[in-house]
Visitor: 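Have a look at this one before I ask anything.
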Amino acid sequence: GLHAQRSGGAAAINADFDDFRISSLNKSDRFNGTALGSQWTILNPVSGHTSLSAKPGSFRITSDPGDLWVSSGTEKDILLQTPASNDYTITTKLALMPTVNYQSAGLLVYSDDDNYIKVDRAYNAGDKLRIVKETGGVGTQQTTAVPITAGGSIYLKLVKSGTAYTGYYSIDGLVWTPIGSPVTGVTLANPKVGLHAQHSGSGTPAINADF
């Protein structure tokens, strides 16, 4: 919170606070325990396809066939929590090696299967970063080339400000580069935020995403 004080015979003083924000209060998780924090829920869980021990210090999702895109609505093991405020920033460090079309993983703001925003790394005729928007079952996406090898780790960030969502990537977690242009004019009802990994399409293999 906030405070103002005087002591030792000092004169009174006015303290004018024009802003107070809390980002992700009690919402962060370094995934270094043996169980998920109570803030998390897993949507559409599949037994044995999430793990805190496969790569200690990371939360691993081993993808199942499925997708959120447009009419699909079949994605599994989506890790979600309630954001701390109306505006927020979510970040993750992701180790992923996508090599086949329709493998992807990253950050997610999720209202339902037809209304969400994703900032993720995906293989779609190449290894790419993208922002994906779906509202009312109508989807659009932006892409830009990933400037690292397919086996590398990358930081992802999604910033919500009002009805605008901006995606960023970083190699070191310090210097951030925008992914395309912001998605604007989006209102999602009672959204959750979190992490996802998926693969879809005939014959696409499962992929491990370590957050």
Side-chain angles (χ1 to χ4, degrees), residues 24 27-83 88 90-124 127-134 137 139 141 150-151 153-158 165 167 169 188-211:
S24 299
K27 300 290 185 177
S28 298
D29 199 335
R30 297 190 64 84
F31 300 126
N32 54 6
T34 58
L36 283 172
S38 59
Q39 71 269 34
W40 294 111
T41 58
I42 299 178
L43 181 66
N44 303 325
V46 176
S47 179
H49 281 224
T50 60
S51 175
L52 286 165
S53 60
K55 184 180 179 182
S58 296
F59 180 74
R60 173 171 288 184
I61 302 175
T62 300
S63 65
D64 267 286
D67 201 348
L68 289 178
W69 183 248
V70 189
S71 61
S72 299
T74 55
E75 189 164 333
K76 310 295 192 300
D77 292 312
I78 303 173
L79 186 67
L80 297 171
Q81 59 170 277
T82 302
Y88 47 79
I90 56 177
T91 61
T92 193
K93 182 181 181 183
L94 169 63
L96 182 74
M97 187 164 36
T99 57
V100 179
N101 280 346
Y102 314 124
Q103 294 174 326
S104 66
L107 297 168
L108 175 68
V109 180
Y110 176 89
S111 181
D112 56 45
D113 288 351
D114 291 325
N115 297 275
Y116 59 84
I117 304 284
K118 295 195 293 186
V119 173
D120 63 12
R121 183 175 180 177
Y123 201 93
N124 187 357
D127 189 3
K128 299 178 180 179
L129 294 174
R130 63 184 185 177
I131 304 176
V132 176
K133 175 189 77 171
E134 187 174 338
Q141 63 178 301
S153 294
I154 195 166
Y155 294 83
L156 298 175
K157 177 164 68 174
L158 191 159
Y165 295 80
Y169 74 92
L188 298 175
N190 301 313
K192 304 288 186 180
V193 298
L195 307 170
H196 87 101
Q198 61 98 178
H199 71 274
S200 61
S202 178
T204 304
I207 190 168
N208 291 324
D210 294 313
F211 300 93

Visitor: Looking at CD of Gln81 and CG of Leu36, how far apart are the two atoms once the value is rounded to the nearest 0.5 Å?
Guide: 10.5 Å
Visitor: Using side-chain heavy atoms (C-beta onward) and a distance below 4.5 Å, is Trp69 in contact with Val132?
Guide: yes
Visitor: With the side chain counted from C-beta on, respond yes when Thr62 and Val46 share a heavy-atom pair under 4.5 Å apart, and no when they do not.
Guide: no
Visitor: Working to the nearest 0.5 Å, report the span between CG of Leu96 and CG of Asp210.
Guide: 8.5 Å
Visitor: Got Pro205 and His199 here, is their nearest side-chain heavy-atom distance under 4.5 Å?
Guide: no
Visitor: Begin with the C-alpha distance, continue with both residues' side-chain angles, and end with the deciding distance and a verdict on side-chain contact (heavy atoms from CB on, under 4.5 Å) for Lys118 and His196.
Guide: CA-CA 9 Å; Lys118 295 195 293 186; His196 87 101; 3.5 Å; yes
Visitor: Starting from the C-alpha separation in whole Å, work towards a yes-or-no answer on side-chain contact (heavy atoms from CB on, under 4.5 Å) for Ile154 and Leu129.
Guide: CA-CA 10 Å; Ile154 195 166; Leu129 294 174; 3.8 Å; yes
Visitor: Report yes if the side chains of Thr74 and Pro65 come closer than 4.5 Å at any heavy-atom pair, otherwise no.
Guide: no
Visitor: Okay, side chain of Thr204, backbone of Ser200: is any donor-acceptor separation there less than 3.5 Å?
Guide: yes
Visitor: Taking atom CG of Leu195 and atom CG of Leu94, what is their separation to the nearest 0.5 Å?
Guide: 8.5 Å
Visitor: Do the non-hydrogen side-chain atoms of Ile117 and Tyr110 ever get within less than 4.5 Å of each other?
Guide: no
Visitor: Taking the side chain as C-beta and beyond, is there a heavy-atom pair between Tyr116 and Leu108 under 4.5 Å?
Guide: yes
Visitor: Determine, stepwise, if the pair Ile131 / Gln141 fulfils side-chain contact (heavy atoms from CB on, under 4.5 Å).
Guide: CA-CA 6 Å; Ile131 304 176; Gln141 63 178 301; over 6 Å; no
Visitor: Donor-acceptor check, side chain of Asn44 to backbone of Glu75, threshold 3.5 angstrom: yes or no?
Guide: yes
Visitor: Looking at every heavy atom in both Pro191 and Val109, which two are closest together, and how far apart are they?
Guide: CB-CG1, 3.9 Å
Visitor: Locate the shortest heavy-atom distance separating Leu158 from Val119; write the atom from each residue and the value.
Guide: CD1-CG2, 3.4 Å
Visitor: Could you measure the distance from the OG atom of Ser104 to the CZ atom of Arg130? Nearest 0.5 Å is fine.
Guide: 4.5 Å
Visitor: If you round to the nearest 0.5 Å, how far is CE of Met97 from CG of Asn208?
Guide: 9.0 Å
Visitor: Under the side-chain contact (heavy atoms from CB on, under 4.5 Å) criterion, do Thr92 and Tyr155 qualify, and how do the steps go?
Guide: CA-CA 6 Å; Thr92 193; Tyr155 294 83; over 6 Å; no
Visitor: Taking salt bridge (Lys or Arg N to Asp or Glu O under 4.0 Å) as the definition, give me every residue that meets it alongside Asp113, ordered by chain and number, with sequence neighbours left out.
Guide: none
Visitor: What closest approach, in Å, do Leu80 and Gly194 show between heavy atoms, and which atom pair accounts for it?
Guide: CD2-N, 4.1 Å
Visitor: Surrounding OH of Tyr102 (heavy atoms of other residues, nucleotides or ligands, distance under 6.0 Å), is the total greater than 12?
Guide: no
Visitor: For Thr50, check side chain to side chain contact (heavy atoms under 4.5 Å, CB included) against everything at least two apart and list the hits.
Guide: Ile42, Phe59, Ile61, Asp77
Visitor: Any donor-acceptor pair under 3.5 Å linking the side-chain atoms of Gln198 with those of Ser63?
Guide: no
Visitor: Going by side chain to side chain donor-acceptor pair (under 3.5 Å), name the residues that satisfy it together with Trp40, two or more places apart in sequence or in a different chain.
Guide: Asp29
Visitor: Which pair of non-hydrogen atoms, one from Ser111 and one from Leu188, has the smallest distance, and what is that distance?
Guide: CB-CB, 4.1 Å
Visitor: Do Ser53 and Ser51 meet the criterion of a side-chain donor-acceptor pair at a distance under 3.5 Å?
Guide: yes
Visitor: Can you find a pair of side-chain heavy atoms, one from Leu156 and one from Thr91, that are under 4.5 Å apart?
Guide: no
Visitor: Looking only at the side chains, is there a donor atom on one of Gln103 and Tyr123 sitting less than 3.5 Å from an acceptor on the other?
Guide: no
Visitor: Ignoring hydrogens and geometry, is there a side-chain-to-backbone donor-acceptor pair from Asp120 to Ala122 under 3.5 Å?
Guide: no
Visitor: Would you say the side chain of Lys128 lies within less than 4.5 Å of the side chain of Pro98, judging by non-hydrogen atoms?
Guide: no
